[in-house]
Protein chains: 2
Amino acid sequence: MAEALTGEAILAATEEVLRRYGPAKATVVDVAKALGVSHGSVYRHFATKAALREAVTKRWLAAIHEEMTPAFGEGLTAAEVLRAWLQKLFDEKRRAHHEDEELFATFRTLVHESSDIVEYHLGHMVGQLTRIISAGVETHEFVTDDVDVTAQAVWDATNRFHHPAHAREWTGPRVQEEFDAVVSLVIAGLRYNRVPSAAGDA
Amino acid sequence: MAEALTGEAILAATEEVLRRYGPAKATVVDVAKALGVSHGSVYRHFATKAALREAVTKRWLAAIHEEMTPAFGEGLTAAEVLRAWLQKLFDEKRRAHHEDEELFATFRTLVHESSDIVEYHLGHMVGQLTRIISAGVETHEFVTDDVDVTAQAVWDATNRFHHPAHAREWTGPRVQEEFDAVVSLVIAGLRYNRVPSAAGDA
DNA sequence: CAAGTGACAGATTTCAATATCTGTCAGCAG
DNA sequence: CTGCTGACAGATATTGAAATCTGTCACTTG
């Protein structure tokens with residue numbers, strides 16, 4: 001018998017099986033087979049198939065989170081940082097959609113079931129937006145009454161360019177242009193935004 | 001034999017059948033049965049089942065288009081007209097989602113197949129946005145280089161609140177608040193979009 | 001005794017036979 | 001002639017029996 005069976009080894013094997021068969025066909029028995037153990041052993045580490053699937057997705061999202069740290073830097077305006085961040089997110093999602101097709105489909109499944117992993121992911125992403133917007137508010141580049149509400153609004157407004165339900169639309173020739181237009185509109189809005197309750201007008 | 005079989009009668013019967021069975025179960029034979037004719041007769045008026053389904057949806061969308069004429073009026077700012085229009089659209093979609101559940105599902109199916117009816121619908125909606133934004137540009141309330149691109153951007157930015165893929169999210173308690181935040185951000189953006197000189201921040 | 005096994009019950013999926021549906025068309029009735 | 005019918009071929013959907021999968025647990029093994 002080789003090394004002890006670790007959670008990490010199971011996750012790696014599951015990812016492999018998921019890539020090969022896709023979320024619809026991958027079974028716990030397949031994972032066990034890939035590891036050369038009985039499926040009962042897998043259940044010693046992960047209580048249910050859903051838990052296993054979520055753990056794999058969590059691992060996958062962690063890599064994306066790593067990538068998605070805002071690039072604050074010398075002489076960059078908050079608007080530039082925000083645009084770059086949103087662009088990177090869009091690029092990353094597009095890449096994942098057609099390169100990690102099967103894992104992406106797993107992620108889409110989780111979104112559909114609105115698991116707490118997804119909730120955590122959304123919280124993380126909106127949190128990064130909050131950081132960027134706060135930085136802009138501090139330099140008076142952006143104006144807003146409530147950074148959290150505004151960060152959520154920016155997330156929602158760019159929904160079409162990161163929500164997996166719209167992944168099929170990401171291949172069209174006009175998408176980048178449409179993305180740019182939305183981001184420009186959003187950035188313009190950040191320069192002079194008030195939440196509804198406090199909204200004055202021109 | 002009763003009256004002649006008209007396209008209109010077939011559409012009404014189809015809508016009824018669709019409401020009763022839903023898009024997954026409704027068949028052309030069901031429609032013919034409801035009309036007391038053979039299904040061959042239905043094919044005399046509509047070349048395929050898809051054409052029939054699209055015609056019903058077209059009819060349904062026409063009613064929504066009727067409803068969705070922007071309410072320009074004395075003393076209303078373009079921002080007010082825009083917000084009211086978007087709110088009405090959101091309300092109407094939500095209503096349709098839970099009252100006309102089956103027809104809404106048919107519409108969702110069409111969106112998924114990206115038929116030309118949907119394309120027409122989107123064109124119409126973005127066209128209305130163009131009208132509203134143009135009016136705002138004329139009174140210098142809004143600023144933009146390209147009204148069409150901006151109208152599309154407004155449509156995309158509010159995607160989460162009218163795209164049927166997100167219908168399930170429309171029931172949460174926070175949705176209205178999130179909708180308001182996005183609309184406020186968008187309206188703020190329209191005031192300041194792509195302006196080189198003028199009104200410095202704050 | 002910690003780590004893994006494999007047989008088991010109930011749930012879910014597969015598969016192939018069967019039934020139904022879509023779309024066509026020759027022909028019938030007014 | 002015009003509008004409708006009904007039988008038909010091929011495509012699609014339904015169904016139920018068999019196979020597989022999930023999750024459990026008493027038991028082996030080092």
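Proteins come first, then strands; the chains are lettered A, B, ... in the order of their sequence lines, and each starts at number 1.
Between A:Glu178 and A:Arg160 there is a salt bridge, with a side-chain nitrogen of the basic residue lying less than 4.0 Å from a carboxylate oxygen of the acidic one. Salt bridge B:Arg53/B:Glu113: present, at least one basic N to carboxylate O contact under 4.0 Å. Looking at A:Lys88 and A:Asp91, no side-chain N of the basic residue comes within less than 4.0 Å of a carboxylate O on the acidic one, giving no salt bridge. Under the 4.0 Å criterion applied to side-chain N and carboxylate O atoms, B:Lys58 and B:Glu54 are not assigned as salt-bridge partners.
At least one side-chain nitrogen or oxygen of A:Ser38 sits closer than 4.0 Å to the OP1 or OP2 atom of C:dT5.
Between the side chains of A:Glu92 and A:Gln87, no donor N or O sits under 3.5 Å from an acceptor N or O. With hydrogens and angles left out, the side-chain atoms of B:Arg168 and A:His112 include a donor and acceptor closer than 3.5 Å.
B:His121 and B:His65 have parallel rings, their planes meeting at less than 30° on a 0 to 90° scale where 60° marks the start of perpendicular.
In this structure, the NZ atom of A:Lys33 is 10 Å from the C1' atom of D:dT20, given to the nearest Å. Per the geometry, CG belonging to B:Asp30 stands 7 Å off P belonging to C:dC21, to the nearest Å.
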Report, one pair per line, the protein and nucleotides 13-17 of chain C atoms (nitrogen or oxygen only) whose separation is under 3.5 Å.
| residue | atom | partner | partner atom | Å |
| --- | --- | --- | --- | --- |
| C:dT14 | OP1 | A:Lys25 | NZ | 2.9 |

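Contacts between residues 43-59 of chain A and DNA chain C, counted as heavy-atom distances below 4.0 Å, involve A:Arg44, A:His45.
Figure legend: A:Arg94 and A:Phe90 shown as a cation-pi pair, the cationic atom lying under 6.0 angstrom from the six-membered ring centre and within 45 degrees of its axis. With a 6.0 Å cutoff to the six-membered ring centre and a 45° limit on the axis angle, B:Arg19 does not count as a cation-pi contact of B:Tyr21.
Helix bend of the helix from C:dC1-D:dG30 to C:dG30-D:dC1: the angle between its two end axes, each built from five pairs, comes to 10° after rounding to 10°.
Residue-to-nucleotide contacts include a donor-acceptor pair under 3.5 Å from the side chain of A:His39 to the base of D:dG23.
Base engagement by B:Ser41 is indicated by at least one non-hydrogen atom pair under 4.0 Å involving a base atom.
Between A:Trp170 and A:His98, the gap from one ring centroid to the other reaches at least 6.0 Å. Ring pair B:His97/B:His166: centre-to-centre distance not below 6.0 Å.
Checking C:dT22, D:dT22, C:dG4 against every side-chain atom of A:Val28, the shortest atom distance belongs to D:dT22.
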